[in-house]
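Proteins get letters first, then strands, A, B, ... in listed order; numbering begins at 1 in each.
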2 protein chains.
Amino acid sequence: MNPLYKNLSTELENINIRPSIQRVAVLNYLINNFFHPTVDQIYKDLQSVIPTLSKTTIYNTLDLFVEAGLVKILTIEDNETRYDIITEPHGHFKCNECRTIFNFTLDLDSMESEELNGFKVIDKDVYFKGVCPKCLLNINSDFRKE
Amino acid sequence: MNPLYKNLSTELENINIRPSIQRVAVLNYLINNFFHPTVDQIYKDLQSVIPTLSKTTIYNTLDLFVEAGLVKILTIEDNETRYDIITEPHGHFKCNECRTIFNFTLDLDSMESEELNGFKVIDKDVYFKGVCPKCLLNINSDFRKE
DNA sequence: CTTCAATTTAACAATCATTACAAATACAAA
DNA sequence: TTTGTATTTGTAATGATTGTTAAATTGAAG
């Protein structure tokens, strides 16, 4: 077995998730693809690795990972659920043009409000939207052409 | 015509939206219901006012309002789109128990990151999740019963 | 290596929110 | 009133997600 996969296997075993081929593949995919993929992207890309793969399995696996606190659901856009391997807290920026989601570091701990005294805050999400540098260039050059 | 509705009509006319009965009703609903309703909630509540109302109209109207910058889509949860009348910038807290969404004031302008130099930031959203004071009480009393 | 029970996967059907579309209606200008 | 345009409605289509169930796989025990 690929030594990288071996590590992922033990990582899953440590949190009491049986390391099936599918689960290890999804975990490996998430670790190596920082672009916050949708279920469909994961499904399509992993089909070349596991031809019999079912979409339901992706959903089941991701649910399991979310439950275990390994993965976080991003709801930055209303029509597509995206998944994020949990590392340090960070903010997300989504480009309205190319739809890429970028991470950026942000001190979430310092974000507080007196109005939330008495509330138990479990989770904090910061979503920015706009246009990334690459697409800004394209938009400007399109404009020049007109 | 109700003088309140009259005001809403002119407000819509000012931004070049023809003030149909349905549109004014939706706007009125959003202004008087701060709980960030789903399409379904708006639809069900307004049926008593406009019996022939269609859900498509709610969608069309909200799309129009979003386009006009009157309303903002909240994507705090992945399976339900919620709508927010735009006032001053604020954060949102969603209670995982009762699913209510609370506003809280937050200085979004000061939230910046050097990593986003070169990015054009158009929109900022801050979503907190957890348990609201009321539900915290219920959870504690449930615990005592066991 | 076999057997058995439990877990996991895969395929398909069902659901639900949203969108697309066409016909009916309302509205404004002439 | 008539005509043309915008709006609403009802229904059908779409697409992501969930539910169900049987088959496949796994792991443990003998």
Side-chain angles (χ1 to χ4, degrees), chain A residues 1 5-6 8-10 12-13 15-29 36-68 70-83 99, chain B residues 1 5 8-10 12-13 15-29 36-68 70-71 73-83 99:
Chain A
M1 189 188 266
Y5 272 43
K6 184 102 185 297
L8 296 182
S9 285
T10 45
L12 287 179
E13 276 171 351
I15 54 174
N16 288 317
I17 293 179
R18 215 191 266 184
S20 70
I21 294 174
Q22 292 85 345
R23 289 170 179 172
V24 173
V26 170
L27 182 59
N28 180 59
Y29 185 89
H36 312 85
T38 62
V39 168
D40 212 57
Q41 285 173 312
I42 302 172
Y43 174 62
K44 282 185 179 135
D45 287 348
L46 287 185
Q47 272 187 317
S48 55
V49 187
I50 309 168
T52 64
L53 189 64
S54 156
K55 216 174 198 176
T56 310
T57 301
I58 310 284
Y59 278 105
N60 289 340
T61 303
L62 289 171
D63 285 351
L64 203 65
F65 287 178
V66 168
E67 197 66 29
L70 205 61
V71 157
K72 205 163 131 46
I73 291 178
L74 298 190
T75 56
I76 195 167
E77 205 58 46
D78 53 324
N79 57 343
E80 50 184 15
T81 306
R82 288 167 174 270
Y83 292 84
R99 328 217 91 202
Chain B
M1 190 188 266
Y5 272 43
L8 297 182
S9 285
T10 46
L12 287 179
E13 276 171 350
I15 54 175
N16 289 317
I17 293 178
R18 212 192 269 184
S20 70
I21 293 175
Q22 291 85 346
R23 289 172 180 171
V24 173
V26 170
L27 181 59
N28 179 58
Y29 184 89
H36 313 85
T38 62
V39 169
D40 211 57
Q41 284 172 315
I42 302 172
Y43 174 61
K44 283 188 177 132
D45 287 347
L46 286 185
Q47 271 187 318
S48 55
V49 186
I50 308 170
T52 64
L53 189 64
S54 157
K55 217 172 196 176
T56 309
T57 301
I58 309 284
Y59 278 106
N60 288 341
T61 303
L62 290 171
D63 285 351
L64 202 64
F65 287 177
V66 168
E67 197 66 30
L70 205 61
V71 157
I73 291 178
L74 299 189
T75 56
I76 196 169
E77 204 59 46
D78 54 322
N79 57 343
E80 54 184 12
T81 306
R82 287 167 175 268
Y83 293 85
R99 327 216 92 203

Might you work through the side-chain contact (heavy atoms from CB on, under 4.5 Å) test for B:Tyr43 and B:Thr38, ending with a clear yes or no?
CA-CA 9 Å; B:Tyr43 174 61; B:Thr38 62; over 6 Å; no
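- Distances shorter than 4.0 Å separate some side-chain N or O of B:Gln22 from OP1 or OP2 on D:dT9.
- Across every non-hydrogen atom of A:Arg18 and A:Arg23, the tightest pair is O-NH1, 3.0 Å.
- When the side-chain nitrogen and oxygen atoms of A:Tyr59 are compared with OP1 and OP2 of D:dT18, none of them lie within a distance under 4.0 Å.
- In this structure, CG of A:Leu74 is placed 18 Å from P of D:dA16, rounded to the nearest angstrom.
- Residue B:Asn60 is the one, among B:Asn60 and B:Asp78, whose nearest nucleotide of DNA chain D lies closer to the 5' end (criterion: closest heavy atom).
- The neighbour count for B:Glu67 CD, taken as heavy atoms of other residues, nucleotides or ligands under 6.0 Å away, does not exceed 12.
- When the P atom of D:dA6 is taken as reference, atom CG of B:Asn16 falls 13 Å away, rounded to whole Å.
- In this structure, A:Glu67 places its CD atom 13 Å from P of D:dT18, rounding to the nearest Å.
- Close to C:dA10, at under 4.0 Å from its OP1 or OP2, lies a side-chain N or O of A:Thr57.
- Atom C1' of nucleotide C:dC16 and atom CD of B:Glu77 are separated by 16 Å, given to the nearest angstrom.
- Between D:dT8 and B:Arg23, a contact under 4.0 Å exists linking OP1 or OP2 to a side-chain N or O.
- For D:dT9, neither phosphate oxygen OP1 nor OP2 lies less than 4.0 angstrom from any side-chain nitrogen or oxygen of B:Thr56.
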Evaluate the criterion side-chain contact (heavy atoms from CB on, under 4.5 Å) for residue pair B:Lys55 and B:Asp40; output intermediate values, then yes/no.
CA-CA 8 Å; B:Lys55 217 172 196 176; B:Asp40 211 57; 2.5 Å; yes
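- Between the CG atom of B:Leu64 and the P atom of D:dT7 there is a distance of 7 Å, rounded to whole Å.
- Between B:Ser20 and the phosphate of D:dT8, there is a side-chain N or O to OP1/OP2 separation shorter than 4.0 Å.
- Among the atoms of the strands shown, none is found under 4.0 Å from any heavy atom of B:Thr38.
- Residue A:Asn79 contributes atom CG, which lies 11 Å from atom P of C:dA20 at whole-angstrom precision.
- Under a cut-off of 6.0 angstrom, the local environment of CD in A:Glu13 is crowded, with over 12 non-hydrogen atoms contributed by other residues, nucleotides or ligands.
- As a whole-Å value, the separation of B:Asp40 CG from C:dT18 C1' is 12 Å.
- Spacing between atom CG of B:Leu53 and atom C1' of D:dT7 amounts to 13 Å, rounded to whole angstrom units.
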